[in-house]
Amino acid sequence: MRPARVRRDEMTTLEPATDAAQDNLAALESEAIHIFREVAGEFDRPVILFSGGKDSTLLLHLAIKAFWPAPVPFPLLHVDTGHNFDEVIDFRDRVVEQHGLRLVVAKVQDWIDDGRLEERADGMRNPLQTTPLLDTIAENKFDAVFGGGRRDEERARAKERIFSLRNAFGQWEPRRQRPELWNLYNGRHRPGEQVRVFPLSNWTEADVWNYIAREKVELPSIYYAHRREVYQRDGMWLAEGPWGGPRPDEVVRELTVRYRTVGDGSCTGAIESTAATVDEVIAEVSASRLTERGATRADDRMSEAAMEDRKREGYF
């Protein structure tokens, strides 16, 4: 029997471990596992986008459950900006080794070195990920690419289907998206086209953290409170790193912070926080009225349609 579709108005808030919340998590888990198995049956060369962040780590955890005791039948793909936090890359490599997985790494620096990309004046590399992503998908002939996008994160992502058809150039065309009724997913695509698959579409940040608590999923340490030297820019606390900064007028301070999302260090901000455990993070996020991307991702602030523009070009 296929799992019942989870309605948005049935999703849990960030209240810890009630029976209703646990039932909701079970339904979300069942839906995601069903999606993984559906893709395994419909596509020839799927791949899981994996950065070591919380959503992609949750994706991998669900994939392991979906195919246990067999190994995960898909490789992992990381588009590496070169501006990652050391803790996240160390975690990524440890998880890959622990589970005996194959990791394909597309390094943005390689595209810059051979002239296929140019460094941006502002130093951000998140917007440069699209070309390495599309080139690597084409080179490996991946026909389904799992991503950890959720509809609650951002307005453009709220428009996504779970099976998101992309054309032969990897571009998102909203008018070509198909209805998804009764858990029926249409994976048909022409040669050269691809489908982006989002098993976490119906999850919220609340669900993610409650599930992490229930399953005891390990995450990179920077998701929890720690001391770090940071400087403020455009209302966000950024860390020093190979991406540059601070500017002469930006004062470096040592604060207790944590990250709600991880990515390119040049545009991913920390928040002041003392939440050092999963339960403390759940309590903290329950009081927030901003999604993690809205609060801490400078690349999404470049314009009101920044994410949608990048999706049309081929980004997630």
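Remark: Glu118 CD is loosely packed, at most 12 non-hydrogen atoms of other residues, nucleotides or ligands lying under 6.0 Å away. Environment of CG in Asp90: crowded, with over 12 heavy atoms of neighbouring residues, nucleotides or ligands closer than 6.0 Å. Environment of CD in Glu97: sparse, with no more than 12 heavy atoms of neighbouring residues, nucleotides or ligands closer than 6.0 Å. Remark: Lys65 NZ is packed, more than 12 non-hydrogen atoms of other residues, nucleotides or ligands lying under 6.0 Å away.
The side-chain tip of Arg150 does not point at the ring of Trp203 from less than 6.0 angstrom away and within 45° of straight on.
Taking the charged nitrogens against the carboxylate oxygens, Asp249 and Arg247 have no contact shorter than 4.0 Å, which rules out a salt bridge. By the 4.0 Å N-to-carboxylate-O rule, Glu240 lies too far from Arg228 to be salt-bridged with it.
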> After noting the C-alpha distance and the side-chain angles of Ser273 and Glu284, does the key distance pass the side chain to side chain donor-acceptor pair (under 3.5 Å) rule?
Replying inline: CA-CA 8 Å; Ser273 172; Glu284 179 182 271; 2.6 Å; yes
>> Before you tell me yes or no, could you show the steps for Trp243 and Phe85 under ring-ring contact (aromatic ring centres under 6.0 Å, His included), namely the whole-Å CA-CA distance, both residues' side-chain angles and the distance that decides it to 0.1 Å?
In response: CA-CA 11 Å; Trp243 45 84; Phe85 296 96; 5.6 Å; yes
> Passes salt bridge (charged side-chain N to carboxylate O under 4.0 Å, His left out), Lys141 versus Asp44? Steps please.
Replying inline: CA-CA 9 Å; Lys141 297 182 171 58; Asp44 295 322; over 6 Å; no
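Remark: the Thr277 side chain and the Asp279 side chain contain no N/O donor-acceptor pair separated by less than 3.5 Å. Defined by atom type and a distance below 3.5 Å, a donor-acceptor pair is present between the side-chain atoms of Asn24 and Asp207. No side-chain donor-acceptor contact under 3.5 Å links Arg258 and His226. Looking only at atom types and distance, the side chain of Gln232 has no donor-acceptor partner in the side chain of Arg253 under 3.5 Å away.
Linking Ile, Leu, Val, Met, Phe, Trp and Tyr residues whenever their side-chain heavy atoms come within less than 4.5 Å leaves Val79 and Ile89 in two separate clusters. Hydrophobic cluster membership is shared by Leu76 and Val105, with clusters built from Ile, Leu, Val, Met, Phe, Trp and Tyr side chains linked at under 4.5 angstrom.
Applying the salt bridge (charged side-chain N to carboxylate O under 4.0 Å, His left out) criterion to Glu229, with sequence neighbours excluded, gives no partner residue.
Shown here for Arg45 and Asn140, the closest heavy-atom pair between the two residues is NE-O, 2.7 Å.
The aromatic rings of Phe163 and Tyr185 sit parallel to each other, their planes meeting at less than 30°, with 60° as the upper class boundary. Using bins of under 30°, 30° to 60° and over 60° for the plane-to-plane angle, the ring pair His61/Tyr211 lands in the perpendicular bin.
Just one of Phe43, Phe50, Phe67 meets the ring-ring contact (aromatic ring centres under 6.0 Å, His included) condition when paired with Phe74; it is Phe67.
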